[in-house]
Structures are given as C-alpha cells and as structure tokens.
Amino acid sequence: MMDVETTGNVASFDPDLLQLPEVSPLALKENPHIAEGLYEQWLSLPETSRVVKTLLDDAKAGAPLSATGTSSSGNASTSNALPSMFPAGSTPPLSPRSTSGSPRFMKRSGVGLSSLSSPLKIVSERAREDIPQFYFQNGPPPPTELKEQCIARIDQLFLTHMDGLQIQEFKSLTRDICKLPSFFSTTLFRKIDVNCTGIITRDQFVDYWINGNMMSMDIASQIFKILKQPDRKYLTQDDFKPVLRELLATHPGLEFLQSTPEFQDRYAETVIYRIFYYVNRSGNGHLTLRELKRGNLIAALQHADEEEDINKVLRYFSYEHFYVIYCKFWELDTDHDFLIDKENLIRYGNHALTYRIVDRIFSQIPRKFTSKVEGKMGYEDFVYFMLSEEDKSSEPSLEYWFKCIDLDGNGVLTPNEMQFFYEEQLHRMECMAQEPVLFEDILCQMVDMIGPEKETHFTLRDLKGCKLSGNVFNILFNLNKFMAFETRDPFLIRQEREDPTLTEWDRFAHREYIRLSMEEDGEDASNGSAEVWDESLEAPF
C-alpha cells in the first residue's frame, strides 16, 4: 500500500475527483458490476490508502479508536475519517443516542452491566410489599375488639358452668351470643357436640363460633352452615325438620298441638313445603345459600321467634294458613288415602277449574309429582297447586301456570294456546245462560292489561312485569274468579289498598279460616259471614 502524506481535511473531499460518469440508480440495480467497479476505484484513491494505513498503525499501537476513525497518535489533529461520497454538510444528521446505557459505550469504557442502575434491576431490588390477605375460605376473621368482647360474654355465661352446658341450658347462648332464633338451639348444640357427649365446654364453643369465623358471617350464612350436611352445598327439606320439631316443642303459640302429634308432623311438613315453594326458585329441592339470602325466610324465622302469636307470622309459619291448606286437601281426599286424583281436584273451589287445566296439572307439566302413584297427587303436590291457584301475583305461581298454558313449551303464550283453554270457559258461560264474551274481545282486553313487548304473544317476562297478570290465567281457566274480577266489589278494592302488605294468599287464607272455623263450630257459614269473607270468590256457577 502506497505511503501518502496527510494533507487537508478528508471530510471536504470532492466526489468529482473520482471522475465518474453519471449513472442512474436503476442502472446500478440492474448492473451490479458497476458498483463493484466503483468500490475498486474508491480503494485506489490516495486518501483511502492514507486513512487505512493510519487505522492499521493505531491498531498495532493499541491506541483507542474514536467513532469517527480519528487517531490519538501523533497526527491526532488531522481528521482520519474515511472519504465520503457526499459533500460536507449534505448528509442528514443521525438521531441522538444516549451513551449512558449503550452496550457499546459500556464495553469501550470498561463499565460492567452490574454497576449501572438499570430500571429492570430497580424493580427486582425493590423492597417486598406485603399484600394483605383478602380471601378467607371460612369468611374473614372478626375484628380483635369484637372478638374480645364476645369472649368476655362467653366467659361470663360459662362462669357458673365450668364443666360445660347441657342442651337445655344452651338456649340462652344461642339467643344472646349467637343472635339466632332460640329454636335453633338443639341443632346448633348437636353441630358443636360432634362426639355426642351431651355437654359443650367453653373451649368447644369458642373453637366453633369464634375460631371457625362463624361470628363474622351474616345470619343467612350462619343458618345455612348450621343446617346443611357437611358433604353438601345446599339444604334439603330434611335439614329443616329438627328446627321445626323444636319450634313445635317450645313456641307458646303451638303448645295446643302437643296433644296431637300427627298434626304436628303435618304442620311441619306444610311449613317446609311453603318454604321451598317460595325460596327454592330453581325448584330442584336443593336450596342454595344464594336462594336463602334472596328470600325472606331469615326475617320470617326471626319473626317467629319474637312473636308469641304464631298466626301473626304470615310468612310460612301461620297455623291458620296450615289449617286452611290441610282442610282443603282433606275435603277433596274423599277416601282419605292422602292422595287425590283428577276427579277430586276438579271439585276444588266448587268446580272452579276447567277439565283442560286439570289435565295439564296431572300431566305434571308445571311440576313433577312427588307421589309414587300413577295419576295421583300427594299432599306436597297439592300444597304447590293451592299456593299457585290462590295467589297468582307471586312469581312461583306465574311460572306454574305459564308452563300449563304453554302447550308447545317454546316459552311464549300464543293466541291459539290461550284460545284452546278459553273455549271451555266460553262453553261454561253459555251453559250458565250468561252472555258469552268472544275470545277476540278477551284477547284485546288481556293485551291492554299486560302491555306485552310484542302483541302477538305473551312471555313470562311480560307477565311478571304486570301486577294484573294473574287475571289472565283466571280468564282462561277459573270461571268463578273471572266473574268476580268482572264484577269487583268496591269495598274489597278499598280493603286491598288500605293494607297492600297482605298478599292474595293472606286474604284468601283469612277468609277461609273464618268459614272453616264456623263450620267446625256447627254454625251456618252463610249466616252473617258475608260481611267477613267474600262469597263471590267461591260462589258456585
């Protein structure tokens, strides 16, 4: 390689010195040998030879090289950059680069990666932050202050019972410490006394109620956990039987039943059936915690514990309500085998129902019968029927009758389906020498009453959104209630408005109990009773 003296600034090198003919970019792309020729010509330039020689000398001497190729040796004042094809100042500027984090800079500077403050390293070396526990399988533990107060009260109760409490002494603990209805005492006692010793010590109770986080649960969760079996996540009808037995044994309003154990059992069954009718919305016999919290059973349990007159507890526990249901069933069950058939049920309400709707009931479309006898309805099935028939404003009732009318099970009630049931009503009106109402007129009346989203059919959602939807079913298959609705007594309407908390079932059960009690006393039901109960709902056609 030739020796060339360093003269001038290479950065100001004029490309015209190459003496190259003008070549278009397209020609360079199509003829690669042109680029090779240019490269060879560039290497033959004196300036190129000088720069290459300088770089080699610096490399042999171990001198560091700058980014621009300048040397730190004797000729450091001279620019040693490679010759540029562009005139000075005509190249675009490079984007600014930070040398603090550049691997190239760190390598040349001899600085290791570990000595720099990398953002990734800052995150990894940050002090560990403790996240408080937010999920507890058995519920959050109670606050320390509340826990100490509860333990102090427990200690005070166990102070005179150092050996523990027996089952008859446990009721005060259930009511005062656990804040549960007193008739849960026996069930709770046996839940804690797993070894069946007959005694619960102070430590046993603290371990179950406080250490088990029972005291920090809401009352619905407490009752659910106390009643359910350990291997289940739901309640069955049998889970309520111990509670009902203790209620019958201890409630002052039910003392008169202690001499008739058979009616105690029927009362307990009826209460349980009513609970599952209203609360178990899935209808599968498995009452979940979600259903328990959404229903009104907890309030009814507390009311039953506080109220001495059980008949004032209208939800589920009223004895008068049980009396009405049981007597109605007994009247229809002529052979008293505790089963009723179609011919028995058709007599309900003085033959108020049509044959077609009774056929649908016994086809078990709205609900599968619990009785194991073909073509027979058991007592539980009758309770579900009667609650649905006498209170068509409730959601369980609307669902019950909707399934009956929905012949094809497609989730909508069409005019053809409704006309199928109304035809028998129309025939009955003609037999009674009453002016028949054509179905077309009735359909317009029902559409105006319900106000469905689509006038071509009714959905269950349409019916649940209207307070008068029960009258649709009365129009279709209960002639007595249909006629009573058409000729409503203003006095009865005013009564309903004065006490809106009473349901249709509450009013019906009250009237029927008065009638049945009068018959029991041997009095004429029609003598002076019209002022108390509404004859129009039960008047024979």
Side-chain angles (χ1 to χ4, degrees), residues 274-284 287-288 290-297 299-300 314-316 353 357 360-361 365-367 384-422 425 437 439-479 481-486 488 492-508 537:
R274 292 182 67 186
I275 289 173
F276 273 76
Y277 174 82
Y278 286 106
V279 183
N280 181 215
R281 303 299 298 114
S282 60
N284 59 359
L287 200 156
T288 63
R290 176 184 176 88
E291 290 174 329
L292 185 62
K293 288 184 176 181
R294 296 181 65 180
N296 58 358
L297 177 59
L314 300 179
R315 303 287 82 80
Y316 314 114
L353 302 176
I357 198 65
R360 288 290 285 176
I361 293 171
I365 296 298
R367 182 179 184 272
Y384 273 70
F385 157 76
M386 188 171 178
L387 293 176
S388 299
E389 168 59 22
E390 300 303 340
D391 187 4
K392 295 188 177 74
S393 62
S394 68
E395 288 195 3
S397 174
L398 294 176
E399 294 170 2
Y400 187 96
W401 297 118
F402 187 92
K403 293 176 183 177
C404 288
I405 306 299
D406 186 14
L407 296 175
D408 54 7
N410 65 345
V412 296
L413 304 184
T414 63
N416 289 336
E417 291 171 328
M418 291 184 282
Q419 187 174 11
F420 172 78
F421 290 94
Y422 184 73
Q425 290 279 69
V437 183
F439 177 74
E440 290 74 13
D441 298 332
I442 284 294
L443 181 61
C444 291
Q445 182 179 352
M446 290 190 297
V447 170
D448 293 340
M449 186 187 307
I450 302 301
E453 292 183 6
K454 296 182 180 179
E455 295 186 358
T456 55
H457 59 259
F458 294 159
T459 65
L460 185 58
R461 181 179 179 180
D462 294 332
L463 298 178
K464 288 184 177 180
C466 177
K467 294 182 179 180
L468 299 175
S469 54
N471 295 307
V472 171
F473 297 117
N474 290 332
I475 290 172
L476 296 179
F477 55 75
N478 191 315
L479 186 59
K481 291 185 178 181
F482 174 33
M483 302 308 297
F485 174 73
E486 291 293 316
R488 281 183 297 175
L492 294 177
I493 297 175
R494 187 170 65 252
Q495 278 186 327
E496 293 177 4
R497 292 176 179 174
E498 288 176 354
D499 195 353
T501 59
L502 295 179
T503 64
E504 291 181 15
W505 165 257
D506 296 333
R507 296 186 180 93
F508 165 80
L537 291 185

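Residues passing the ring-ring contact (aromatic ring centres under 6.0 Å, His included) test with Phe458, sequence neighbours excluded: none. The side-chain contact (heavy atoms from CB on, under 4.5 Å) search around Thr503 returns Arg315, Asp391, Trp505, Asp506, not counting sequence neighbours. Considering only residues two or more places apart in sequence or on other chains, Pro415 meets the side-chain contact (heavy atoms from CB on, under 4.5 Å) condition with Phe439, Leu443. Residues satisfying the side-chain contact (heavy atoms from CB on, under 4.5 Å) criterion with Phe485, sequence neighbours excluded, are Gln445, Met449, Asn471, Arg488. For Phe421, there are no ring-ring contact (aromatic ring centres under 6.0 Å, His included) partners at least two apart in sequence or on another chain. For Asn410, the side-chain contact (heavy atoms from CB on, under 4.5 Å) partners at least two apart in sequence or on another chain are Asp406, Asp408, Val412, Glu417. For Arg367, the salt bridge (charged side-chain N to carboxylate O under 4.0 Å, His left out) partners at least two apart in sequence or on another chain are Glu380, Asp381. When the side-chain hydrogen bond (donor to acceptor under 3.5 Å, both in side chains) test is applied to Tyr316, the partners found at least two apart in sequence or on another chain are Asn296. In this view, Tyr400 satisfies the ring-ring contact (aromatic ring centres under 6.0 Å, His included) rule with no residue, not counting sequence neighbours.
Applying the side chain to side chain donor-acceptor pair (under 3.5 Å) test to pairs two or more places apart or on separate chains, those with a residue in residues 446-460 are Thr459-Asp462. The salt bridge (charged side-chain N to carboxylate O under 4.0 Å, His left out) analysis of residues 463-473, with sequence neighbours excluded, yields the pairs Glu395-Lys464, Glu399-Lys464.
No donor-acceptor distance shorter than 3.5 angstrom exists from the side chain of Arg360 to the backbone of Pro366, with no hydrogens or angles considered. Without hydrogens or angle criteria, Ser388 side chain to Ser397 main chain gives no donor-acceptor distance under 3.5 Å. Side chain of Ser469 to backbone of Cys466: a donor-acceptor contact under 3.5 angstrom is found.
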| said: Please determine whether side-chain contact (heavy atoms from CB on, under 4.5 Å) holds for the pair Trp401 and Ile361, giving the CA-CA distance in whole Å, both sets of side-chain angles, and the decisive distance to 0.1 Å. | reply: CA-CA 9 Å; Trp401 297 118; Ile361 293 171; 3.8 Å; yes
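A side chain to side chain contact (heavy atoms under 4.5 Å, CB included) with Glu389 holds for exactly one of Phe508, Tyr384, Phe477; it is Phe477.
Side-chain atoms of Tyr278 and Leu387, non-hydrogen and from C-beta on, do get closer than 4.5 Å to each other.
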